[in-house]
Amino acid sequence: MNIRRSKIHVLRRKVNHLVSGWLISLLLIPVLLAYDNPLVSEIQPRNIMFNRYGLTLYDLSINPALFGISYPDNIDYYQTRYDNYQNTYRRTFDPGHQNNYEIRVISVKHLSERVTLLSGIQYNRTVLSNVYRSLEKNFYDEFFTICDTTTGSTAYDGPQVRFLYDYALTNRIHLACEINYGVEEGLKDIYTKCETIVRNTELRGGISFISGNQKTVLGLTGVFYDAQRKYEAVKDLQDAFAITNFGLHVSKAENPRSTIRKNDDRGGGEIDLQMIRKDFLWPGLTLKITTGYCGRSDYVSTGSVQKPNPRGYWVRQVYRGITSLIYAPNSEKSRLDFLYEYRLTGDWAKSGNHDVVIMENKEILNAFNLNWQFHLLKRLLINTGGYFTANACDYREYIVPFKYDQTDNQLSAFLNIALQVNPILSVYLLGDLKTIDLYYYWDADRATRYSGELGLERLTTFGRFGVAVETSQTTFDGTDRKDRSIGIKLAHWR
Amino acid sequence: MVKKGLIFLIFLSLALTTCFKDKPTELDGTYSIRLVLVFRDSTLGYDERLKNVTVQLHTDEYSLDDYSATADDSGVVVFENLAWASFDPKVKVQIQLPYIDTYGVARPDSLINYTLVDTVVILNPTENAMLTDTIFTITANSLPGLKINEIYYTGPENRDNWFYDQYVELYNSSEEVKYLDGMIVCRIYHMLDRVTYAFQFPGEPLTGTEYPVQPGEFVVLAADATNWLTLYSTSVDLSGAAWEFVNAMDFGDTDDNPNALNLHNIMTGKTVDFMINLSSNVIAIADGSDSIMTDGLDIGTVVDCVEYCSISSGERTNKDIDKILDQGWAGIGNQRYSGQSVERILPGFDTNNSFNDFVIIKPPTPGYQH
């Protein structure tokens with residue numbers, strides 16, 4: 001028996017071929033890790049299940065040894081997209097508007113019955129406009145941040161490459177490695193003309209084991225992560241000073257030297273264990289479990305490399321478990337998915353000059369996702385459901401005492417419709433409504449987000465072409481101002 | 001097999017968690033400082049604890065408001081819940097003390113006003129959460145007025161023996177407007193009769209009111225008012241200096257910043273711009289009523305005078321200026337081409353002892369206090 005196909009048989013869910021291929025971009029999510037490793041990749045979008053492979057265990061765990069069996073087909077995928085965000089209502093250091101440009105090429109080849117190879121390259125340009133003070137790309141994701149005293153725009157450019165090699169050692173064991181590498185350069189358009197250079201390397205090694213009855217798969221992943229960020233701001237005007245922030249309540253004005261540098265040295269790792277059990281309890285029910293630990297340290301200093309001034313040391317550790325139950329007794333017609341995620345995130349940061357804790361954070365996330373996918377008519381596919389997350393947060397700063405101790409909830413409902421107009425043309429419509437409890441640094445308690453996406457795809461002799469337009473609008477309690485976004489993407493794949 | 005795998009996983013997880021530094025046991029914001037305020041002057045005969053005096057703690061590690069507390073009746077002041085940082089305590093108080101005669105007898109009927117300031121530059125945190133220290137204060141009874149507040153003479157860090165970014169910063173510590181008209185800035189080689197350079201402000205000495213210095217205002221006198229950062233990143237930006245020294249006979253110095261007013265050389269035969277020694281010298285400012293330097297500078301015209309020297313006082317005993325003008329040396333230990341300047345510990349703070357009055361700072365701070 002064909003080894004690969006036999007394993008595919010275990011995992012593959014022939015849910016539909018109605019919109020086959022569209023939203024294959026789901027498999028490209030890990031590519032984004034190459035710039036800013038968020039340590040824990042979000043399982044997004046939870047409401048999109050048109051991907052014919054479903055939310056695979058690879059997507060849940062990013063174990064490269066599960067890639068070959070999660071994505072059994074050869075794929076050549078080309079995509080370009082543009083997104084525009086107008087942030088009329090925003091946090092202090094958010095951009096007024098933002099433009100994202102992206103082009104990506106991904107190729108997945110099953111070179112033989114044993115070898116699967118993925119190679120990809122992506123180029124991104126992100127322009128953050130009208131940013132007040134911040135010299136960070138993601139100000140609110142960091143604890144030690146750098147600012148100046150001007151309002152300007154920063155453009156970030158850079159390529160990312162990705163390589164995955166999955167090798168079937170035996171009929172039952174896969175070994176694989178994955179490399180993500182990205183560099184990015186940012187430049188602010190006015191003084192301090194801060195230049196940012198980011199290098200990010202992520203190496204993943206994985207092993208998977210398939211049981212003799214082909215109903216059980218076990219996986220183990222190890223990740224090494226290393227990243228450096230260098231910031232270099234030039235003081236030209238008397239009023240363009242650089243400031244280091246420790247959280248959001250304490251700062252330090254850096255000495256007004258000609259050049260202000262900030263160095264961010266990060267490193268960390270991850271260990272994950274995964275399991276799939278098909279026909280769990282009764283036929284048609286599949287259980288997927290992934291659990292793991294990941295940790296990252298971040299040493300921040302300012303000044304030159306020869307004479308650094310330590311600003312702090314930050315450690316983040318995350319314990320995570322995901323359980324997915326998929327019931328598809330007749331997978332051609334309908335499927336019911338339930339997903340539960342538990343995530344315990346712990347942070348602490350110590351002072352750069354003294355051996356004391358200046359920040360602690362503990363978050364416990366419980367997320368539930370339920371969706372049902374079915375054919376209303378032969379050519380009409382419906383996917384509907386919702387998800388709920390509760391994030392219990394206990395955030396403390398100690399230099400100047402500050403405490404935020406609250407549980408923030410998110411509630412979402414979605415309806416997705418896909419219609420096959422004729423054998424070569426299909427259209428789809430995605431709609432999503434979400435309410436979000438906002439973190440303390442928003443000047444509003446809650447936001448409501450409406451989003452939609454309209455797309456079509458057409459089969460030609462050269463492969464499939466797709467185009468989609470997506471838009472969203474976010475309203476905030478207590479204000480009439482709204483944030484809006486619009487995006488367009490073009491894709492070709494075969 | 002599964003059991004072994006699990007054990008291996010647990011071991012790996014533990015190994016990962018130990019990759020990071022240990023989490024400290026102490027929390028920031030819990031630091032305490034207990035200070036005892038003392039005024040001790042063996043010459044005047046005082047050894048007093050200062051009661052009800054307000055102390056401020058300033059830190060440069062964070063941009064925080066100064067902490068403030070008042071000493072109790074035993075002269076003890078306690079700060080609690082401080083950020084864990086190095087602090088500069090600030091004590092500046094005016095008190096009345098009884099005159100102590102030469103026999104050591106206090107005369108309560110004869111009270112003298114003293115302005116006391118602290119002498120402590122920095123309080124470094126201890127390993128535990130509590131620091132106890134004594135703050136000794138000294139009198140700062142020199143009259144307020146126009147002071148030499150900062151001297152930058154060492155040159156920037158460089159390997160080219162380059163030092164042409166020198167400057168002198170003045171500060172008006174009085175509560176009235178002072179005028180620079182006709183005043184003279186001197187470099188003195190040895191005592192007041194050996195003036196090396198003298199440059200004069202335009203205007204009429206003593207009576208002119210064309211070039212005012214407001215109370216609390218800094219005035220930078222640059223050798224050349226240029227942004228030297230373009231030449232050496234370790235230098236200083238003096239393009240915003242209010243004044244620059246000019247010697248019409250120095251034909252090599254062609255740069256003249258139109259935004260900076262000029263101090264002109266008044267000593268015949270001098271053909272170079274204002275330059276001061278990189279290790280030791282005396283800088284004086286005089287009111288300009290004596291502009292003939294061939295017989296030296298009249299001591300009665302001296303407004304302020306500072307002697308700096310990199311050699312420690314233990315190795316050197318002779319002064320280059322009368323002790324009535326400056327009893328000590330500023331900048332002991334300050335190295336050539338270090339990019340460091342000497343600045344008064346507080347703007348305009350003057351006890352006529354530059355050893356107490358000045359600290360070495362880096363980077364220099366032209367136009368503002370460190």
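Treat the numbers as computed from the prediction; the structure is a model and nothing was measured. Per chain, numbering begins at 1; letters A, B, ... match sequence-line order.
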Region of A:D355 in contact with chain B, defined by heavy-atom distances below 4.5 Å: both

Residue A:E397 versus chain B: region with a heavy atom under 4.5 Å: neither

Side chain, backbone, both or neither of B:D22 within contact of chain A (heavy atoms, under 4.5 Å): backbone

Chain A contact via B:E127 - side chain, backbone, both or neither, heavy atoms under 4.5 Å: neither

Partner residues of A:T291 under the side-chain hydrogen bond (donor to acceptor under 3.5 Å, both in side chains) criterion, sequence neighbours left out: none

Sole residue of A:N361, A:D264, A:D347 in side chain to side chain donor-acceptor pair (under 3.5 Å) with A:W314: A:D347

Pair A:Q317, A:Y293: side-chain N/O donor-acceptor within cut-off below 3.5 Å: yes

Test item: side-chain donor near acceptor, B:E244 and B:N257, under 3.5 Å: no

